[in-house]
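Worksheet: the structure to be examined is printed underneath.
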Amino acid sequence: MKIGAEYSHLNGIEYLKVHKPNLWTEVKDVISQVDAAACKTKVSKEKSKLGKLIYSPQAINTEFEFGFNSLGWREHRRNFWVTHDEKLLRKIHNQPIDKQKQIIEKAGYKAILSYTQTDFLKERVAVEVQFGKYTFVAHDLFVKHMSFFDSNIIDVGIEILPMKELEREMSSGVAYYERDLLNLIRQGRNVPAVPLVLIGVLP
C-alpha cells in the first residue's frame with residue numbers, strides 16, 4: 001500500500017519528524033509493505049457488488065499487525081474505574097487506578113472496571129488501523145487517542161484509514177479518509193486536544 005494523503009492536527013507530523021523520526025519512518029515502512037493484492041480475498045454478498053472480489057478488512061489488519069509487531073509495536077490497554085456520578089468522575093479520572101476504586105467505594109458507589117485499548121503503541125506514539133465501520137473512527141480520535149494523551153501515555157496518535165478510492169472496493173459502511181478529515185477539521189483547530197496524524201492509504 002501507499003500513502004495517498006496525510007493531515008497533521010496540532011502539529012502531529014511535525015512532532016514526529018522532530019522528536020520521533022525513526023517511528024515516523026517505521027509507520028511509513030509498514031504501510032508500504034502491506035500487500036494490498038493479497039488482501040483482495042472477500043467475495044461480496046451485497047447487491048451492488050454481488051460476487052465481486054473485494055478487499056478484506058481482516059486480511060488488511062493481519063498484514064498491519066504483522067508489520068507493526070515485527071518492529072516492536074504492541075497493543076496497549078489502559079484500565080480505569082467508572083461510576084454513575086459525574087462530579088466524582090471529574091475528580092478521579094486522572095488519579096492512579098487503585099485510588100479511583102477507593103474513592104468511588106468510599107463515596108458509597110459501585111466501582112465498574114473499564115478500559116481503553118489501542119492497536120499499537122511504541123515510545124509514546126499510538127497507531128490505530130481502522131478499516132471497520134465509520135463510527136469507529138470518532139471513537140478512536142475523540143476517545144482512545146484523547147484518553148491515552150490525557151493519561152500521559154502518548155504524545156501523538158496516528159489514525160490509518162482507506163481513502164475513498166480503496167473504500168469503493170470494500171464492503172459498505174467502511175470509514176474513509178476524506179470524510180473523516182472533514183469530521184476532524186470541522187470540530188475546530190483545537191478539538192480534540194491531542195496531536196494527531198490522519199493517514200489515507202491506497203492499494
Side-chain angles (χ1 to χ4, degrees), residues 1-9 12-13 16 23-77 115-122 125-148 156-187 192 196-203:
M1 287 186 166
K2 61 184 178 182
I3 295 177
E6 56 191 42
Y7 173 72
S8 180
H9 175 74
I13 291 177
L16 290 172
L23 297 189
W24 181 231
T25 297
E26 287 184 4
V27 169
K28 292 186 289 184
D29 286 346
V30 169
I31 292 170
S32 69
Q33 291 165 16
V34 172
D35 186 351
C39 298
K40 208 168 190 179
T41 59
K42 185 176 180 180
V43 179
S44 178
K45 296 180 181 179
E46 298 177 9
K47 288 183 179 180
S48 61
K49 305 173 184 176
L50 190 61
K52 182 180 179 181
L53 207 59
I54 58 177
Y55 291 100
S56 163
Q58 184 176 354
I60 293 172
N61 285 334
T62 298
E63 290 256 340
F64 272 105
E65 183 177 0
F66 175 81
F68 278 113
N69 286 171
S70 68
L71 294 173
W73 295 74
R74 295 290 182 266
E75 175 187 303
H76 187 80
R77 180 177 293 198
Y115 70 91
T116 302
Q117 172 266 335
T118 191
D119 289 343
F120 308 103
L121 179 70
K122 184 177 180 181
V125 176
V127 176
E128 284 289 321
V129 177
Q130 192 52 264
F131 286 80
K133 295 299 182 182
Y134 63 88
T135 53
F136 297 161
V137 179
H139 184 74
D140 289 349
L141 298 179
F142 294 92
V143 178
K144 286 188 178 183
H145 291 307
M146 189 72 250
S147 173
F148 279 92
V156 63
I158 300 173
E159 192 81 6
I160 299 176
L161 300 160
M163 297 200 70
K164 184 63 179 179
E165 180 181 329
L166 173 55
E167 182 267 348
R168 286 193 184 101
E169 297 187 63
M170 301 180 73
S171 297
S172 61
V174 173
Y176 60 90
Y177 176 88
E178 292 88 341
R179 178 170 56 195
D180 284 294
L181 173 61
L182 173 62
N183 289 340
L184 180 58
I185 63 176
R186 69 182 174 189
Q187 301 302 318
L196 296 168
V197 180
L198 204 64
I199 298 176
V201 295
L202 295 166

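Any value given below was found using the heavy atoms of this structure, including those in side chains, with hydrogens, waters and symmetry copies removed.
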Spatial distance of atom [atom1] ([X]) from atom [atom2] ([Y]) [nearest 0.5 Å]:
X: Lys52; Y: Leu50; atom1: NZ; atom2: CG; value: 12.0 Å
X: Glu65; Y: Asp119; atom1: CD; atom2: CG; value: 8.5 Å
X: Lys28; Y: Gln33; atom1: NZ; atom2: CD; value: 13.0 Å
X: Tyr7; Y: Ile13; atom1: OH; atom2: CD1; value: 10.0 Å
X: His9; Y: Leu181; atom1: NE2; atom2: CG; value: 11.5 Å
X: Asp180; Y: Leu198; atom1: CG; atom2: CG; value: 7.0 Å

List the atom of [X], the atom of [Y], and the distance in Å for their closest heavy-atom pair.
X: Ile54; Y: Lys49; result: CG2-CD, 4.5 Å
X: His145; Y: Ala126; result: CE1-O, 4.0 Å
X: Val174; Y: Arg179; result: O-NH2, 3.5 Å
X: Leu141; Y: Pro192; result: O-CG, 3.7 Å
X: Val129; Y: Asn61; result: CG1-OD1, 3.7 Å
X: Pro203; Y: Ala36; result: CA-CB, 3.7 Å

Residue pair Met1, Ile60: steps toward the side chain to side chain contact (heavy atoms under 4.5 Å, CB included) verdict: CA-CA 10 Å; Met1 287 186 166; Ile60 293 172; 4.0 Å; yes
Val27 and Leu16: CA distance, side-chain angles, deciding distance, side chain to side chain contact (heavy atoms under 4.5 Å, CB included) verdict: CA-CA 11 Å; Val27 169; Leu16 290 172; over 6 Å; no
Full working for side chain to side chain contact (heavy atoms under 4.5 Å, CB included) between Thr41 and Leu53: CA-CA 6 Å; Thr41 59; Leu53 207 59; 5.6 Å; no
Sequence-distant partners of Val30, side chain to side chain contact (heavy atoms under 4.5 Å, CB included), two or more places apart: Phe64, Phe68, Leu71
For Glu26, all residues meeting salt bridge (Lys or Arg N to Asp or Glu O under 4.0 Å), sequence neighbours excluded: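 Once residues adjacent in sequence are excluded, the partners of Glu26 under the salt bridge (Lys or Arg N to Asp or Glu O under 4.0 Å) criterion are Lys122.
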Validation row: [X], [Y] side chains within 4.5 angstrom (heavy atoms):
X: Ile3; Y: Ser32; value: no
X: Phe142; Y: Asn183; value: no
X: Phe120; Y: Asn69; value: yes

Contacts of His76 that satisfy ring-ring contact (aromatic ring centres under 6.0 Å, His included) - sequence neighbours left out: Phe148
Test side chain to side chain contact (heavy atoms under 4.5 Å, CB included) applied to Leu23 and Trp73, step by step: CA-CA 10 Å; Leu23 297 189; Trp73 295 74; 3.9 Å; yes
Donor-acceptor under 3.5 Å (Glu63 side chain, Ala59 main chain):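 A pair under 3.5 Å: no.
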Selection residues 127-146 - residue pairs positive for salt bridge (charged side-chain N to carboxylate O under 4.0 Å, His left out), sequence neighbours left out: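 Counting only pairs at least two positions apart or across chains, the salt bridge (charged side-chain N to carboxylate O under 4.0 Å, His left out) contacts touching residues 127-146 are Glu128-Lys144, Asp140-Lys144.
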Qualifying side-chain hydrogen bond (donor to acceptor under 3.5 Å, both in side chains) pairs, either residue in residues 164-178, two or more places apart: Lys40-Glu169, Lys42-Ser171, Glu46-Ser172, Lys164-Glu167
Arg77: partners by side chain to side chain donor-acceptor pair (under 3.5 Å), with sequence neighbours left out: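 Side chain to side chain donor-acceptor pair (under 3.5 Å) list for Arg77, sorted by chain: empty.
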